[in-house]
Amino acid sequence: MLDIQLLRTDLAQVAARLADRKFKLDAEAFAALENDRKSLQTRMQELQAQRNASSKAIGDAKRKGEDVTAIMAEVASLGDELKAAEAAFAELQKNLDALMLSMPNVAHESVPVGNDESANVEVRRVGTPREFDFAVRDHVDIGEPHGLDAETGAKLSGARFTVLRNDIARLHRALAQFMLDTHTGSHGYTEMYTPYIVNDNVLFGTGQLPKFAEDMFKVQKGGDEVGPDQYLISTSEISLTNTVRETLLKAEDLPMRMTAHSPCFRSEAGSYGRDTRGMIRQHQFDKVEMVQIVHPEKSFDALEEMVGHAEAILQKLELPYRVITLCTGDMGFSATKTYDLEVWLPAQNTYREISSCSNCGDFQARRMMTRFKDENGKNQYVHTLNGSGLAVGRTLVAVLENYQNADGSITIPTVLRPWFGGRTTIGG
RNA sequence: GGAGAAAUGGCCGAGAGGUCGAAGGCACCGCCCUGCUAAGGCGGCAUACGGGGUAACCUGUAUCGAGGGUUCGAAUCCCUCUUUCUCCGCCA
């Protein structure tokens, strides 16, 4: 959520920056709403003050044993007017809140302005794509003989679900554990295990709701118990970041670094026909997530560091990749700046997204009410960051394709061999 | 699933229809005293929003798990929900 003060004082500028993000803020409508809010609030507060004064007078009079019928009569007429004013204010506040919740974060000034991915900026390339002296196969063809089974996945759950068995399942697990161990062992993250089903208010906190409900899986309890609306997490950023919701942290608690390995569930509404083959785009995939809760002045340094943490995984796996700065039009809702990591996929002869690292500034903190007491004893919103470190399913794809051999076997990356009892290949 | 208890400020914990934004303690900050790996005294110390002031600050309103209700007036009474704890049952 944006700072409403900023909207009041700098409406035109905020509207312009939101326009870069393809959000049309009707400045006039907002200003009108703000105006109404002000007059309604003032009126309501006046009436409340009157009521409080009268009630106090009644109390005083009663204690002295004086007659209170006169004051009682005076205050009687107040009730209805107050109720009406309060109702009108609540209604308006609701509309204002809904509008505020629907606005994306504004981009940091260092973010390139642009409409779509064509305006993204490549920051660097690391590693050189391998030269193959045989016909490159894609991960489906390479993986199938060793246990990648889309057909059974579809039988169980439909399109975009895959069953892994044997060495492929093991490789998948090894990847996740390697990532987790690296982040906890070398990058200072605390390992976490969190719920995969969360209440709707949690989704408001990180920004998936109210706007992106169609991307989520909504779940329902058996029986006829009614509780809050609940959803499967689309990323453990949601549960990790929200662990600090509605809390007042101490300055020395910061920075907090959390990591978790979890499945992610995405409806992929609107992506029909895209990446239908293989494991690139699934309804369920695993991801090792990094989340940081940091001091507001340190969040952009933390973002660079976090990108480095994600890169370290790719480097240790010896996978070629590039780093991209997303432009304003391509960034996620809550982000103020985002770097994507794209891994080289030989079969597609291109780089594909495998990690996304974002600084959300105070946008999520404001929605979650997460603050810390700063050096001067003032409560300030923290800044939140999240990044994939990495998407496990896509990393599996990248390993299969980049490590494939002419005979259909797969060389196991050196760092993963401990999970294979020292074996060096799958198949072959 | 059954029975009961509870939810108050960063934390602990009083409160029981008006004088309560809320005693007391801890933590924290300032000053003083004293001096040594301690202690004592005094003062300050919730949040959000509105209005005023360059500002320190002043002022109004709201907030005692959440939402409704009763009342001139609710932390205190009533209803619903959520969460936690205890006992019983069931259970990976």
Side-chain angles (χ1 to χ4, degrees), chain A residues 1-9 30-31 33-101 193-205 221-231 239 242-254 256 293 295 362 365-382:
Chain A
M1 198 150 50
L2 298 176
D3 183 359
I4 190 145
Q5 304 290 1
L6 200 70
L7 278 145
R8 286 178 187 147
T9 55
F30 179 85
L33 211 55
E34 226 335 83
N35 241 324
D36 289 352
R37 189 225 96 230
K38 198 181 238 176
S39 55
L40 270 174
Q41 184 167 356
T42 307
R43 180 66 189 142
M44 177 186 74
Q45 292 191 352
E46 277 170 13
L47 291 169
Q48 286 170 331
Q50 255 178 68
R51 180 206 56 199
N52 290 349
S54 300
S55 294
K56 194 162 233 173
I58 291 170
D60 288 342
K62 274 202 169 165
R63 222 167 307 109
K64 291 185 204 145
E66 291 167 3
D67 180 52
V68 295
T69 50
I71 322 176
M72 294 280 274
E74 185 189 310
V75 85
S77 60
L78 241 163
D80 288 343
E81 202 184 344
L82 216 193
K83 243 180 197 138
E86 283 175 340
F89 178 74
E91 175 67 19
L92 191 132
Q93 191 60 248
K94 206 178 80 189
N95 293 337
L96 203 55
D97 286 346
L99 179 60
M100 293 298 292
L101 283 170
Y193 171 81
T194 63
Y196 302 150
I197 296 177
V198 294
N199 296 336
D200 56 357
N201 62 333
V202 165
L203 261 26
F204 276 92
K221 247 187 186 177
D224 38 39
E225 250 182 279
V226 286
D229 284 353
Q230 295 191 308
Y231 296 83
S239 26
N242 275 284
T243 55
V244 295
R245 80 190 332 269
E246 289 154 46
T247 53
L248 179 60
L249 298 164
K250 297 184 178 125
E252 60 264 31
D253 293 335
L254 305 177
M256 291 175 72
I293 313 294
H295 190 285
D362 63 8
R366 196 169 256 120
R367 290 172 161 243
M368 296 190 301
M369 269 300 282
T370 304
R371 297 161 304 163
F372 77 105
K373 212 167 259 304
D374 71 13
E375 310 73 37
N376 305 314
K378 287 273 180 207
N379 294 345
Q380 276 195 65
Y381 289 109
V382 297

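Each chain gets a letter, A, B and so on, in the order the sequences are listed, and its residues count up from 1. What you see is a predicted model, and the numbers here were worked out from it, not measured in a lab. All values below come from the heavy atoms of this structure, side chains included, with hydrogens, waters and symmetry mates left out.
Side-chain atoms of A/Lys83 lie closest to B/U70 of the nucleotides B/G73, B/U70, B/C49. Closest to the side chain of A/Ile58, out of B/C49, B/G18, B/U61, is B/G18. For A/Asn52, taking side-chain heavy atoms from C-beta onward, the closest of the listed nucleotides B/A62, B/U47, B/G51 is B/A62. The side chain of A/Lys56 has B/U19 as its nearest neighbour among B/A48, B/U19, B/C49. The side chain of A/Lys62 approaches B/C72 more closely than any other nucleotide in the set B/C72, B/C49, B/U47. Relative to the side chain of A/Gln45, the nucleotides B/G73, B/U47, B/C49 differ in distance, and B/C49 lies closest.
The backbone N or O of A/Arg367 sits nowhere less than 3.5 Å from a side-chain atom of A/Arg245 that would complete a donor-acceptor pair. A distance-only check finds no donor-acceptor pair linking the side chain of A/Asp362 to the backbone of A/Arg366 [under 3.5 Å].
For the C1' atoms, the distance from B/U82 to B/A22 is 25 Å, rounded to whole Å.
To the nearest 0.5 angstrom, A/Asn242 atom CG is 7.5 Å from A/Thr370 atom OG1.
Using a 4.0 Å heavy-atom criterion, one finds that A/Gln5 contacts the sugar-phosphate atoms exclusively.
Counting to the nearest Å, the C1' atom of B/C29 and the NZ atom of A/Lys250 are 15 Å from each other.
Two residues, A/Leu248 and A/Glu46, neighbour RNA chain B, and the one matched to the more 5' nucleotide by heavy-atom proximity is A/Leu248.
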